[in-house]
There are 2 protein chains.
Amino acid sequence: MKLTPTIQRCVLHWGEMGSRWGVSRSVAQIHALLFLSPEPLTADGIAETLAIARSNVSVSLKELQTWDLVSITHVIGDRRDYFLARKDIWEVLTTIMDGRKRREIDPTVQMLRDCAQEAKRDTETPDQVKERIATMLEFLEEMTGWYDQIRSMPRPTLLKLMRMGTRVAKIVG
Amino acid sequence: MKLTPTIQRCVLHWGEMGSRWGVSRSVAQIHALLFLSPEPLTADGIAETLAIARSNVSVSLKELQTWDLVSITHVIGDRRDYFLARKDIWEVLTTIMDGRKRREIDPTVQMLRDCAQEAKRDTETPDQVKERIATMLEFLEEMTGWYDQIRSMPRPTLLKLMRMGTRVAKIVG
DNA sequence: CGGTTATTTCAGGAATGTCTGAAATTTACG
DNA sequence: CGTAAATTTCAGACATTCCTGAAATAACCG
C-alpha cells in the first residue's frame, strides 16, 4: 500500500492518539492503515509500509484481533495471511467503547460492590466515606445500565434520536 | 487521614485504573483519597498517608488542578494549603469526559478536517481512501455534536431521560 | 520427507514515563 | 529585613512499556 502524505498524516495522528488510549503506537498505526486501505494487506506489506519490525506487526495484529477490529482473509494461490479491518466506523467505535467499558468500568463497579459489601462489617471507616462509595456505585450502575440500553437499540433508531438532539427532552418532558 | 482497608482498596484500584486512563498512578491515588476524604487534606498529609514523595504530591496536585478536579482552601491560623476534590460524582465524570474529548477527540476531528481539505488538491491518494476519511469526519462531527447537546441539557432532564432508557424510542418514534 | 515460505516467540535493548530527594524558590510572620 | 515553614523545580534513579532481530515453530509444496 502506498503511503501518500494524506494517508501518512492520518496514520501518524492515529498512532499518537492510540498511545493515549492505552494501545501502543504500532497497534494504532496498523489499525489506521488497515482501516484506510481499500484492500486487505499482508503483514509483510504493513511492516514495510510503516517501517516497523515484522515481529512487531505480528503481535500488534494479534492484539487487534482480540479487539475484534481486524480479521484474516486469504486469496487463492497465496498462502500468506491478508488482514482486513472493520470498515464500518460505527462498529469500530462501539467495539472500542465496549472493550473499554469491559476493561475499565466493569472492574471498578465490581470493586465498589465488594467495598460496599465489606462496609457493613467495617467499623473503622467513617460513615461519610461509606456513603460516598455507595453513591458512586449507584451512579456508575445507573450510567452503565443506560449505556447497555442505548447499545441495545437498533442503529437507525439511535441515529434518529441523536439527530433530534435536545428536542427529545421537550417531546418527552 | 486514616487509611482503613476499605479506603486503601479504593485508592489502590483507582490508581491502577488511572494508569489505563493516561494519568499516573500517583495522580489517580491522590484523587481517590481526596474524593473520599470528608475534609480537605494537606500535601504533607497526603504524602504520608500514601507513602509517596512530597514533591510527587506537589506535581500531581498541580495536574489535578489543571483537570479542574481539585481546588485549594485554607484554614485560619494555618498557612498550609488544604486540598479539596470535587465531591459531586456527576461533575467529576463530566469534567473528565470533557477533558478527554478536548484532548483526544477534538484534535482528531481537526486533523480529519485538514485532510479532507487537502484531499481536494491531492491527486495521488485513491478516492476510496478520501471517501473513508470524509465518512469518518462526518461521523465524528455527528457524535461530538450530540455529546455537546447532551452536555448542555439540565441535569434533571438528562437524568429523567436516562431513567426512561429505551422507552424514549417508543415515545418519539 | 526435505526444502521453502510464513508466522510466532522471546530475550534483551531502546524509549518513555514515573518517582525521589536535594536544592531553590516562594510565602508569611516576627 | 531575617528567618522559618511551605511549596516547587529538576536531575537523575527507577520502573515500565515498546520494539527489534534472531531463533523456533508452523504451514505448505513437490
Side-chain angles (χ1 to χ4, degrees), chain A residues 1 11-12 14-34 40-67 70-84 103-104, chain B residues 1 11-34 40-67 70-84 100 103-104:
Chain A
M1 164 117 182
V11 167
L12 290 178
W14 206 247
E16 281 166 31
M17 281 304 148
S19 34
R20 296 197 184 186
W21 277 69
V23 300
S24 76
R25 205 176 53 231
S26 311
V27 170
Q29 286 185 352
I30 292 172
H31 179 240
L33 188 68
L34 284 174
L41 303 175
T42 62
D44 277 310
I46 295 169
E48 194 183 353
T49 310
L50 299 178
I52 59 183
R54 176 64 181 73
S55 55
N56 189 1
V57 173
S58 183
V59 297
S60 299
L61 283 169
K62 274 275 146 64
E63 181 170 344
L64 285 168
Q65 280 169 277
T66 71
W67 279 84
V70 163
S71 54
I72 301 184
T73 38
H74 291 99
V75 308
I76 42 158
D78 189 339
R79 52 199 182 85
R80 289 175 299 176
D81 289 345
Y82 280 77
F83 297 89
L84 179 70
R103 288 160 215 233
E104 294 168 12
Chain B
M1 166 119 182
V11 167
L12 290 177
H13 179 93
W14 206 247
E16 281 166 30
M17 281 303 150
S19 34
R20 296 196 183 186
W21 277 69
V23 300
S24 76
R25 205 177 51 229
S26 312
V27 170
Q29 285 185 353
I30 292 172
H31 180 240
L33 188 66
L34 284 174
L41 304 174
T42 63
D44 277 309
I46 295 169
E48 194 183 354
T49 312
L50 299 178
I52 59 183
R54 177 64 182 73
S55 55
N56 189 1
V57 174
S58 182
V59 298
S60 298
L61 283 169
K62 274 274 146 62
E63 181 170 344
L64 285 168
Q65 280 169 278
T66 72
W67 279 83
V70 163
S71 55
I72 301 184
T73 36
H74 291 98
V75 308
I76 42 158
D78 189 339
R79 54 196 180 85
R80 290 174 299 177
D81 290 344
Y82 281 77
F83 296 90
L84 179 70
R100 288 180 74 83
R103 287 159 216 234
E104 295 168 10

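Everything quoted here is computed from the prediction, not taken from an experiment. Letters A, B, ... are given to chains in the order of the sequence lines, protein chains preceding strands, and every chain is numbered from 1.
- C:dT18 atom C1' lies 18 Å from atom CZ of B:Arg20, rounded to whole Å.
- Among D:dT9, D:dT8, C:dT8, the nucleotide with an atom closest to any side-chain atom of B:Ser55 is D:dT9.
- When rounded to the nearest whole Å, the span between CG of A:Asp81 and P of C:dT8 equals 7 Å.
- Within the nucleic acid shown, B:Ser24 comes within 4.0 Å of sugar-phosphate atoms alone, with no base atom in reach, counting heavy atoms only.
- A salt bridge between A:Asp44 and A:Arg80 is absent, with no side-chain N of the basic residue lying under 4.0 Å from a carboxylate O of the acidic one.
- No hydrogens or angles considered: a donor-acceptor pair under 3.5 Å links the side chains of A:Trp21 and B:Glu104.
- Rounded to whole angstrom, the span from the CZ atom of A:Arg54 across to the P atom of D:dA23 amounts to 18 Å.
- With distances taken from any side-chain atom of B:Arg80 to the nucleotides C:dT9, D:dT7, C:dC19, the minimum falls on D:dT7.
- Summary of the strand contacts: A:Asp78 and B:Ser19 both lie near DNA chain C, and taking for each the nucleotide with the nearest heavy atom, the more 5' one is attributed to A:Asp78.
- The nearest whole Å value for the distance from the CG atom in A:Asn56 to the C1' atom in C:dT7 is 14 Å.
- Following rounding to the nearest Å, A:Lys62 (NZ) and D:dT25 (P) show an atom-to-atom distance of 16 Å.
- Nearest nucleotide to the side chain of B:Ile52, out of C:dT9, C:dT20, D:dT8: C:dT20.
- Rounded to an integer number of Å, the gap from CZ of B:Arg25 to P of C:dT16 is 21 Å.
- Closest of all the heavy-atom pairs between A:Ser60 and A:Ser26 is OG-CB, 3.8 Å.
- As rounded to whole Å, 11 Å separates atom P of C:dC29 from atom NE2 of B:His74.
- Using a 4.0 Å heavy-atom distance criterion, A:Thr42 is classed as making no nucleic acid contact.
- Counting heavy-atom neighbours within 6.0 Å of B:Glu48 CD, excluding the residue itself, gives a total of 12 or less.
- At distances below 3.5 Å, at least one donor-acceptor pair connects side-chain atoms of A:Arg20 with backbone N or O atoms of B:Arg103.
- Residue B:Ala53 places its side chain closer to C:dT20 than to any other of D:dT7, C:dT9, C:dT20.
- One interatomic measurement links the two molecules: CZ of B:Arg79 to P of D:dT3, which rounds to 15 Å at whole-angstrom precision.
- Distances were taken from every side-chain heavy atom of B:Asp44 (C-beta onward) to each of D:dT7, C:dT8, D:dT8; the shortest belongs to D:dT7.
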